[in-house]
Number of protein chains: 2
Amino acid sequence: MPKNRRVTIADVAARVGMTNITVSRALNRPEMVKAETRSKIEAAASELGYVPNAFARGLKHSESRLIGFVTASVDNPFYAEMIKAVSRHAKQHNYAILLFDTDGEAWLEANAIETLLSYQAAGIILSPISDEPDYRPDYIDRLHNSDVAVVQLDRTLYNADFSSVVLDNVWAGQCVAAHLLNRVFAETRVSAEAPARLLIAAGPEQSIISRERLAGVQTTLAETDRGVAVDVLWGDYTLEPARDDVGAYIETYGMPGAIFGMNQLITLGALQAMKAHGIAPDTLSVISIDRLPYLDIFDIRVPCVVHDGFHAGQRALELLLERIADPELPQQTITVRGELIE
Amino acid sequence: MPKNRRVTIADVAARVGMTNITVSRALNRPEMVKAETRSKIEAAASELGYVPNAFARGLKHSESRLIGFVTASVDNPFYAEMIKAVSRHAKQHNYAILLFDTDGEAWLEANAIETLLSYQAAGIILSPISDEPDYRPDYIDRLHNSDVAVVQLDRTLYNADFSSVVLDNVWAGQCVAAHLLNRVFAETRVSAEAPARLLIAAGPEQSIISRERLAGVQTTLAETDRGVAVDVLWGDYTLEPARDDVGAYIETYGMPGAIFGMNQLITLGALQAMKAHGIAPDTLSVISIDRLPYLDIFDIRVPCVVHDGFHAGQRALELLLERIADPELPQQTITVRGELIE
DNA sequence: CTGTTAGCGCTTTCAA
DNA sequence: TTGAAAGCGCTAACAG
């Protein structure tokens, strides 16, 4: 069977002996058409297998029902959760999602934005590859000059004036420190000679997120007279460097009083290093940001500050829809607080 | 600052004192245009911030550079991996991904297909909500009558004639059984009175995937004279029913000789049930399909048959591109084998 | 090498 | 309630 030529509004019109415009109206503004004509048209349309051409429609209105989601890692479970939330709420408002995985590459991110502009995307949810001050991609101006709504999610471009939904990183750091002071460093007293040591396995040194989390820890520690010394290992949010650096640290300085991993992968890396050095997870206090899934099944307790990705994604989409509806709205930042789970 | 009207090819043309078509050519077929004109045009285009309108182009060619990915669960890590693969390879061929999360709902799946047809998607990678024989959505005919390329991934519609990339489920079952015979039931001898028991926590009873995995186990067991009795608990591929049913089983029949969980979540459910009954993971042999991530860090060994989702996704996209290039190609099925990891 | 014309499928005037 | 004409932005086909 040769594939039928695509059926258009005109084919439907011909079938019922009317003109294009009547068919168009019957399908989009049913109230403007006599009920009888309408049902004839609807019948013909479904019989012929008519599918509206989104391109023609988009060209006409010069607006589209597309929302872009740009992220560095679809396979990060936290992002997967956010994508799910965005996708679910987008389709309730009749938007479809164009997904771009930038794989941490600046040029792919730039391409993604370019493509979204060419599809006249109504909005973009952007989680850029980096929040460091020296990452200032050219597309920022393009976005400001166009009329796409933009909401940054989780990560934000340094100093770019877009709305955003971010985690309360300072607070997460404070939570972590408070928990450690309560549970681990409870007996610690000021002691300049042999202070208790907290090892922090962080993300990149220039990452705002890492710095905020660190700042949170430090302010809370500073509020007490417990003499906790903080050692920071900068990394890149992935497992391997965390594992290697924590391993090296343990070899050089011995076991710290506690380890704080700034995200899931970092913490797993730290745990791996501990295992390699024969340290059981319950001997040394480990605390994390992001949940380490399913460990409770095996009675391994790593307390963590958990952020609700689904909620964050949903808020981002809400913000985006508001901006699409009213582009003149001032930029907003929404902060999502995590919760300490023991 | 009022947002500038969108800049079109005509604006660029006016700027350099040429006509639309020359600009169009300079941008798309550089070789057809004098080098000097071309560079003038390119300069003007980037200065004005020209972005081609994908809708106009799509309308003209009546073909698009869009590929649809339709799945029931973006947040399943196995799917996330496949999405990553598809996305990465799609962009190498200049396709963008329209992502639809159907959340297991038939009407959302139907909507997704409808939307993809309206966007003239060049191809669709489809992982339907169900592979059971009584799920026969209407869109199957629409797809066959249109000229979209379709490749099913992981799950396939019962008896729909589309290409597909599927896991070798029979083989996975055989692997599992062979491993159990070697390691767990090695000493078991024929014994009608007290046969060794293998508990299988499966997906839905009508699911082809579950039935194939089960069949694999049974053929391998049948090839030996070891008297292993198989008990099957049907479920739905999620954690909770598996946990509850395995728990109930243990209470009624006591500990089986081994438990086989047919996917990650089922196995985790089984492990949870064991924990609730005070059975340590190393006392009872558990085996799974799909990896249980990071357990090795804690010295918990659950052998599993692992499938390479990245590879599967990549193959699906390759198949799709082939069909886009030549729609007359016969339908193909590619089978991806997993590997037993101890 | 560059320009004219026409049309992709749909919808927005304006008119009947 | 329905229709005619025009145009969204882009690119074939055919000139020049």
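Naming convention: chains lettered A, B, ... in sequence-line order (proteins, then strands); numbering from 1 in each chain. A quick note: this is a predicted structure, and the numbers were derived from the prediction, not measured.
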Novice: Within this structure, what is the CD1-to-C1' distance between B:I21 and D:dC10, rounded to whole angstrom?
Specialist: 8 Å
Novice: Using a strict cut-off of less than 4.0 Å between a Lys/Arg side-chain nitrogen and an Asp/Glu carboxylate oxygen, indicate whether A:E81 and A:K84 qualify as a salt bridge.
Specialist: no
Novice: Does a donor on one side chain sit under 3.5 Å from an acceptor on the other, for B:S163 and B:Q332?
Specialist: no
Novice: Can you work out whether B:R38 or A:I9 has the more 5'-proximal nearest nucleotide on DNA chain C?
Specialist: B:R38
Novice: At less than 4.0 Å, is any side-chain N or O atom of A:T19 found next to OP1 or OP2 of D:dT2? Yes or no.
Specialist: no
Novice: OP1 or OP2 of C:dC1 less than 4.0 angstrom from a side-chain nitrogen or oxygen of B:T22, does that happen here?
Specialist: no
Novice: Compare the minimum distances between each of D:dA12, C:dT2, D:dA4 and the side chain of B:K34, then state the nucleotide with the smallest one.
Specialist: C:dT2
Novice: Nearest to the B:R25 side chain among C:dT12, D:dA12, C:dG3, which nucleotide is it?
Specialist: C:dG3
Novice: Starting at atom CG of B:L59, determine the distance to atom P of C:dC10, rounded to an integer number of angstrom.
Specialist: 9 Å
Novice: Counting side-chain heavy atoms from C-beta on, which of C:dG9, C:dT11, D:dT2 comes nearest to A:H61?
Specialist: C:dT11
Novice: Once you round it to whole Å, what is the distance between C1' of D:dG3 and CG of A:N20?
Specialist: 10 Å
Novice: Does any donor atom in the side chain of B:Y139 or B:E109 lie under 3.5 Å from an acceptor atom in the other side chain?
Specialist: yes
Novice: Measuring to OP1 and OP2 of C:dT11, would you say a side-chain N or O of A:S24 lies under 4.0 angstrom away?
Specialist: yes
Novice: Nearest to the side chain of A:V33 - D:dT2, C:dC1, D:dG9?
Specialist: D:dT2
Novice: A:N28 side chain N/O closer than 4.0 Å to the phosphate oxygens (OP1, OP2) of C:dT11?
Specialist: yes
Novice: Which whole-number value in Å describes the distance from B:M32 CE to D:dC14 P?
Specialist: 13 Å
Novice: Could you give the CG-to-P distance, from A:L27 to C:dG9, as a whole number of Å?
Specialist: 16 Å
Novice: Rounded to whole angstroms, how far apart are CZ on A:R57 and P on C:dT12?
Specialist: 10 Å
Novice: Apply side-chain hydrogen bond (donor to acceptor under 3.5 Å, both in side chains) to the pair A:Q120 and B:R6, showing each step before the final yes or no.
Specialist: CA-CA 10 Å; A:Q120 329 276 25; B:R6 193 146 251 135; 2.8 Å; yes
Novice: Got a donor-acceptor pair under 3.5 Å from the side chain of A:K60 to the base of D:dG7?
Specialist: yes
Novice: For residues A:N53 and B:Y119, is any side-chain donor paired with an opposing acceptor at under 3.5 Å?
Specialist: no
Novice: Once you round it to whole Å, what is the distance between P of C:dG9 and OH of B:Y119?
Specialist: 17 Å
Novice: Using heavy-atom distances to pick each residue's nearest nucleotide on DNA chain D, tell me which of B:F55 and B:R29 is more 5'.
Specialist: B:F55
Novice: For A:E31 and D:dT1, give me the distance from atom CD to atom P, rounded to whole Å.
Specialist: 10 Å
